[in-house]
Amino acid sequence: MSSDFEAYEQDFGTLTAEITNKVGRIPKLSGEEKTQLVLNVDKQLEEVRELMEQMDLEVREIPVQSRAMFNSRLKSYKQELEKLEKDFKRSRIAYSDEVRNELLGDDAGSSENQRAHLLDNTEKLERSSRRLEAGYQIAVETEQIGQEMLSNLNTDREKIQRARERVRTFTLVCTERIYSGLLLLRGRWKKARDVEGDGELKRQEV
């Protein structure tokens, strides 16, 4: 399992490096060229999200005693992805000074105010998204703990059932032995009594 996780890590590093390079180029472009690059980055980010889901599934399959280390690494990758998505959102509405002046001319100052407003709204949405993700993570961890507890309870129940079966078997064996012993003693007692009766009868005849 860890080898699969490490393979995903390599893919993650390659993709994020490409995205970082393209995000830095977006503000320097305009028109169709910028649109195409934005679409390309958006597609690669979706690939990274799918990759993160695969990594999350791999971590769940790793033994509990080794899971903490991989969870820590996965958490850092999620934080890196969040930063990358934030940079991408900013780059889509950002322009270099040269491109902005060419497109807007005297309206550049007004555009800056609009961009600041958009960035503020974007950050608010990202904070809400992080809170939702944190809640989801807590729910996932709670589910994992519950499953582990249920597994332990099932194991304990099986042990108790096996112990009860052993006690029941032992009790039956002991009961059979005691009953057999009583029957044997009863036979001996009856035989001794018959012998004693025959002796008494002979004495009376004499």
Distance from [X] atom [atom1] to [Y] atom [atom2], nearest 0.5 Å?
X     : Y     : atom1 : atom2 : result
Thr35 : Ile26 : OG1   : CD1   : 10.0 Å
Leu57 : Asp4  : CG    : CG    : 11.5 Å
Leu74 : Arg67 : CG    : CZ    : 12.0 Å
Phe70 : Glu61 : CZ    : CD    : 13.0 Å
Asp42 : Lys89 : CG    : NZ    : 10.5 Å
Leu84 : Gln79 : CG    : CD    : 13.5 Å

**Message:** My understanding is that only one of Val23, Val41, Leu37 makes a side chain to side chain contact (heavy atoms under 4.5 Å, CB included) with Ser91; could you say which?
**Reply:**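 Checked Val23, Val41, Leu37 against Ser91; only one passes side chain to side chain contact (heavy atoms under 4.5 Å, CB included): Val23.
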**Polar side-chain atom of Thr169 near backbone of Glu165 as donor-acceptor pair, under 3.5 Å** =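 It does hold such a pair.
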**Asked** Is a side-chain N or O of Ser66 found less than 3.5 angstrom from the main chain of Ile62, in a donor-acceptor match?
**Response**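 Such a contact is absent between Ser66 side chain and Ile62 backbone.
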**Close side-chain approach of Phe88 to Leu45, heavy-atom, < 4.5 Å** =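 Phe88 reaches Leu45 side chain to side chain.
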**Message:** With a 4.5 Å cut-off on side-chain heavy atoms, are Thr16 and Gln44 touching?
**Reply:**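 Gln44 does not reach Thr16 side chain to side chain.
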**Prompt:** Could you go step by step and tell me if Asp11 and Glu47 meet the side chain to side chain contact (heavy atoms under 4.5 Å, CB included) rule?
**Reply:** CA-CA 10 Å; Asp11 293 340; Glu47 291 178 11; over 6 Å; no
**Request:** Provide the closest heavy-atom pair for Leu29 versus Lys34 in the form atom of the first, atom of the second, distance.
**Result:**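 For Leu29 versus Lys34, the nearest heavy atoms are O-CD, 3.4 Å.
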**Prompt:** Partners of Lys83 by side-chain contact (heavy atoms from CB on, under 4.5 Å), sequence neighbours excluded?
**Reply:**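 Counting only residues at least two positions away or on another chain, Lys83 forms a side-chain contact (heavy atoms from CB on, under 4.5 Å) with Asp87.
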**Asked** Who pairs with Met69 by side-chain contact (heavy atoms from CB on, under 4.5 Å), at least two apart in sequence or on another chain?
**Response**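 Per chain and number, Met69 pairs via side-chain contact (heavy atoms from CB on, under 4.5 Å) with Arg73.
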**Message:** Does the plane of the ring in Phe12 sit parallel, tilted or perpendicular to the ring in Tyr77? Use 30° and 60° as the thresholds.
**Reply:**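 The rings of Phe12 and Tyr77 sit tilted, inter-plane angle from 30° to 60°.
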**Message:** Does Thr14 form a side chain to side chain contact (heavy atoms under 4.5 Å, CB included) with Gln10? I'd like the steps, not just the answer.
**Reply:** CA-CA 6 Å; Thr14 301; Gln10 292 178 1; 5.5 Å; no
**Message:** Tell me whether Glu82 at atom CD has more than 12 heavy atoms from other residues, nucleotides or ligands lying less than 6.0 Å away.
**Reply:**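 Atom CD in Glu82 is packed in, count exceeds 12.
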**Asked** Of Arg90, Arg49, Arg92, which is the lone residue that meets salt bridge (charged side-chain N to carboxylate O under 4.0 Å, His left out) with Glu85?
**Response**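 With Glu85 as partner, Arg90, Arg49, Arg92 yield a single salt bridge (charged side-chain N to carboxylate O under 4.0 Å, His left out), made by Arg49.
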**Message:** Hydrogens and angles aside, do Glu58 and Gln54 bring a side-chain donor and acceptor to less than 3.5 Å of each other?
**Reply:**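 Side-chain D/A pair, Glu58 to Gln54: absent.
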